[in-house]
Asker: 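Have a look at this one before I ask anything.
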There are 2 protein chains.
Amino acid sequence: MALEIRPSQALRLWRQVHLDLVHDGQADLSARQTAILLTIYLELPPHTVRGLAQQLGVTKPVITRALDTMGKLGLVTRRRDEFDRRNVVIQRTVAGALAVERLADLVVQRARELGPG
Amino acid sequence: MALEIRPSQALRLWRQVHLDLVHDGQADLSARQTAILLTIYLELPPHTVRGLAQQLGVTKPVITRALDTMGKLGLVTRRRDEFDRRNVVIQRTVAGALAVERLADLVVQRARELGPG
DNA sequence: CGATAATGATACGGACCCGTAACGATCGGG
DNA sequence: CCCGATCGTTACGGGTCCGTATCATTATCG
């Protein structure tokens with residue numbers, strides 16, 4: 001079920017969605033933060049700092065700081081793992097789920113509006 | 001020629017491309033910077049600081065700083081407009097064009113790999 | 001126990017970015 | 001000519017992020 005898209009379409013889609021994100025005054029997330037957020041919301045729990053760091057190929061402090069920021073924005077929450085208290089389990093929030101959902105709708109909508117070529 | 005894509009597909013595509021960008025050690029551009037870069041490379045020249053600021057709905061210093069950063073990365077160049085020396089014309093570079101092209105191919109490739117649902 | 005390993009958080013110096021405000025340079029009309 | 005308008009840049013104070021190194025806490029295993 002491959003999704004066929006031409007390079008020029010891909011670029012216009014990419015640009016338009018980013019323009020929308022900037023325009024809507026959403027949090028100006030970096031590529032890293034976006035990757036972290038979507039990983040948390042798309043991959044199966046549980047998510048740990050170490051696991052996310054491995055998946056992204058970055059150091060642990062990067063994840064910790066990103067979680068700090070997203071926590072302030074209400075996009076994720078952290079909780080101690082009671083079975084292994086060294087671990088921290090990253091949890092989703094309603095606000096985060098809504099933000100992800102809004103992003104999905106944005107991409108779908110802008111893709112639908114793409115002209116040929 | 002609408003491009004049909006489901007929300008879950010959109011999210012997986014978005015996540016995977018961002019993961020690739022992080023992994024490939026590309027510059028960790030923010031949403032704003034990405035929007036600026038793609039606007040320069042997709043919209044017809046000439047591009048000015050003021051024009052970009054209007055299109056993105058941000059202040060001029062934001063554009064100036066983004067151009068500083070992308071200039072260091074070799075993605076864009078600036079030149080004085082000789083007809084109206086108040087203006088600065090933003091120009092594309094070979095490196096920038098290659099980076100944009102690579103992004104396009106990345107999106108196309110990851111879209112092709114998307115499963116259904 | 002005690003030693004070792006593993007996890008996530010923190011400290012540090014440096015870099016970048018933000019928004020507001022001010023600035024120098026340039027144009028253009030009276 | 002000069003004065004206002006316009007352009008892009010810079011200054012400022014505050015915030016975030018980076019990578020490296022180190023830390024406290026907790027688990028594991030001899």
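Quantities reported herein were computed from a predicted structural model and do not represent experimental measurements. Residue numbering restarts at 1 for every chain, and letters A, B, ... go by the order of the sequence lines.
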Asker: Which ILVMFWY residues are connected to B:V94, directly or by a chain of links, through side-chain heavy atoms under 4.5 Å apart?
Answerer: B:L98
Asker: Got a second to check how far A:L29's CG is from A:T34's OG1, nearest 0.5 Å?
Answerer: 4.5 Å
Asker: Please list, in numerical order, the residues of residues 29-43 of chain A that have a heavy atom closer than 4.0 Å to any atom of DNA chain D.
Answerer: A:R32, A:Q33
Asker: Taking only residues two or more places apart in sequence or in another chain, which ones pass side-chain hydrogen bond (donor to acceptor under 3.5 Å, both in side chains) with A:T39?
Answerer: B:R15
Asker: Do any side-chain atoms of residues 50-57 of chain A form donor-acceptor pairs under 3.5 angstrom with protein atoms, and if so which ones, sequence neighbours left out?
Answerer:
none

Asker: So how far is it from B:H47 NE2 to B:Y41 OH, rounded to the nearest 0.5 Å?
Answerer: 10.0 Å
Asker: How does protein contact run along nucleotides 4-11 of chain D, one letter per nucleotide 5' to 3', with B for base contact, S for sugar-phosphate only, - for none, heavy atoms under 4.0 Å?
Answerer: --BSBBB-
Asker: Using a 4.5 Å cut-off between side-chain heavy atoms of Ile, Leu, Val, Met, Phe, Trp and Tyr, which other residues end up in the same hydrophobic cluster as B:L44?
Answerer: none
Asker: Compute the angle between the rotation axes at the two ends of the helix from C:dC1-D:dG30 to C:dG30-D:dC1, each taken over five pairs, rounded to 10 degrees.
Answerer: 0°
Asker: Show me the side-chain donor-acceptor pairs of residues 67-79 of chain A shorter than 3.5 Å, one per line, residues at least two apart or across chains.
Answerer:
residue : atom : partner : partner atom : Å
A:D68   : OD1  : A:R78   : NH2          : 2.3
A:T69   : OG1  : A:R65   : O            : 3.2

Asker: Reading DNA chain C in the 5' to 3' direction, which nucleotide is the first one with an atom under 4.0 Å from a heavy atom of chain A, and which is the last?
Answerer: C:dA6 to C:dT10
Asker: Not counting sequence neighbours, list each pair that qualifies as a ring pair (Phe, Tyr, Trp, His ring centres under 6.0 Å) and has a residue in residues 16-36 of chain A.
Answerer: A:W14-A:H18, A:H18-B:W14
Asker: Between the side chain of B:Q9 and the main-chain N/O of B:G115, is any donor-acceptor distance below 3.5 Å?
Answerer: yes
Asker: Which pairs of donor and acceptor atoms, one on a side chain in residues 80-92 of chain A, lie under 3.5 Å apart (sequence neighbours left out)?
Answerer:
residue : atom : partner : partner atom : Å
A:R80   : NH1  : A:R85   : O            : 2.7
A:R80   : NH1  : A:R86   : O            : 3.1
A:D81   : OD1  : A:F83   : N            : 2.9
A:E82   : OE1  : A:R85   : NH1          : 2.9
A:E82   : OE2  : A:R85   : NH1          : 3.3
A:D84   : OD1  : A:R86   : N            : 3.1
A:D84   : OD1  : A:R86   : NE           : 3.2
A:D84   : OD2  : A:R86   : NH2          : 3.0
A:R92   : NE   : A:I40   : O            : 3.0
A:R92   : NH2  : A:I40   : O            : 3.2
A:R92   : NH2  : A:E43   : O            : 3.0

Asker: Going by salt bridge (charged side-chain N to carboxylate O under 4.0 Å, His left out), name the residues that satisfy it together with A:E113, two or more places apart in sequence or in a different chain.
Answerer: A:R110
Asker: Roughly how far, to the nearest 0.5 Å, is the CG atom of B:L11 from the CD atom of B:Q16?
Answerer: 13.0 Å
Asker: Nearest heavy atom decides the nucleotide; on that basis, is A:V62 or A:R85 closer to the 5' end of DNA chain D?
Answerer: A:V62
